[in-house]
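Each residue takes its place number in the sequence, starting with 1. The structure presented is a predicted model; accordingly, all values stated were derived computationally and were not measured.
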Amino acid sequence: MSQHPGSTTVDQSDWDGLHAAAVEVAGRAYAPYSHYPVGVAGLVDDGRVVRGCNVENAGYGVTLCAECGMVSELVAGGGGRLVAVWCVDGKGATIMPCGRCRQLLWEHGGADCLLQTPEGVLRMDQVLPQAFGPEDLTR
């Protein structure tokens, strides 16, 4: 990845790397109930790439979305801010994160975080307009 610490520039090689990482980790998903594997990869502002895959559970409601795993890796690896994110299904097709996961992306990437969507790259403030964030807790 060509990302430099503190930079928010994301070039085509960054996107290519994120897609490849998301596809690879989708192959590790645990999806015996839905049979719908999901993988996600995110570029961190320090140049790291963090990943996650969905992990289902017989108690459906406690299933972990791929984005949850990615954010957990982000925090466990020392934190930072997400700069760009790509989420895919088991066939490598671009998919949108669910509402809960969009909130996670907002919390750890903010309005400027870029998300590859089925309609192209959008900023988080376009996919989660008028989002509620940490700053709202201090008002």
Find the distance between [atom1] ([X]) and [atom2] ([Y]) and round it off to the nearest 0.5 Å.
{"X": "Tyr30", "Y": "Glu56", "atom1": "OH", "atom2": "CD", "value": "8.5 Å"}
{"X": "Leu104", "Y": "Leu82", "atom1": "CG", "atom2": "CG", "value": "10.0 Å"}
{"X": "Cys101", "Y": "Glu107", "atom1": "SG", "atom2": "CD", "value": "13.0 Å"}
{"X": "Leu64", "Y": "Cys53", "atom1": "CG", "atom2": "SG", "value": "9.5 Å"}
{"X": "Leu128", "Y": "Cys113", "atom1": "CG", "atom2": "SG", "value": "11.5 Å"}
{"X": "Arg102", "Y": "Cys87", "atom1": "CZ", "atom2": "SG", "value": "10.5 Å"}

Should [X] and [Y] count as side-chain neighbours, where that means a heavy-atom distance under 4.5 Å?
{"X": "Glu67", "Y": "Arg100", "answer": "no"}
{"X": "His108", "Y": "Met70", "answer": "no"}
{"X": "Leu122", "Y": "Leu114", "answer": "no"}
{"X": "Pro118", "Y": "Thr94", "answer": "yes"}
{"X": "Tyr33", "Y": "Thr63", "answer": "no"}
{"X": "Ile95", "Y": "Val88", "answer": "no"}
{"X": "Leu115", "Y": "Leu105", "answer": "yes"}
{"X": "Val10", "Y": "Val83", "answer": "yes"}

State, to 0.1 Å, how close [X] and [Y] come at their nearest heavy-atom pair, and which atoms those are.
{"X": "Gly39", "Y": "Ala26", "result": "N-CB, 3.5 Å"}
{"X": "Pro37", "Y": "Ala31", "result": "N-CB, 4.1 Å"}
{"X": "Val49", "Y": "Ala41", "result": "CG1-CB, 4.2 Å"}
{"X": "Gly109", "Y": "Arg81", "result": "C-NH2, 3.3 Å"}
{"X": "Phe132", "Y": "Gln103", "result": "O-NE2, 2.6 Å"}

ILVMFWY network linking Val23 to Val25, side-chain heavy atoms under 4.5 angstrom: no
Linked, directly or transitively: Val55 and Val71 (ILVMFWY side chains, under 4.5 Å): no
Parallel, tilted or perpendicular: rings of Trp86 and His19 (30°, 60°):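 Rings of His19 and Trp86: tilted, 30 to 60°.
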Closer than 3.5 angstrom, by distance alone: can the side chain of [X] be matched with the main-chain N or O of [Y] as a donor-acceptor pair?
{"X": "Asn57", "Y": "Tyr60", "value": "no"}
{"X": "Asn54", "Y": "Val38", "value": "yes"}
{"X": "Thr138", "Y": "Glu135", "value": "yes"}

Residues Arg123, Asp125: salt bridge by 4.0 Å N-O rule: yes
Salt bridge (charged side-chain N to carboxylate O under 4.0 Å, His left out) between Asp89 and Lys91, intermediate numbers included: CA-CA 5 Å; Asp89 65 16; Lys91 296 178 182 175; over 6 Å; no
Audit row: Val44, Val50, side chain to side chain contact (heavy atoms under 4.5 Å, CB included) steps and yes/no: CA-CA 7 Å; Val44 184; Val50 290; 4.0 Å; yes
Enclosure of Glu119 CD (heavy-atom neighbours >12, cutoff 6.0 Å): no
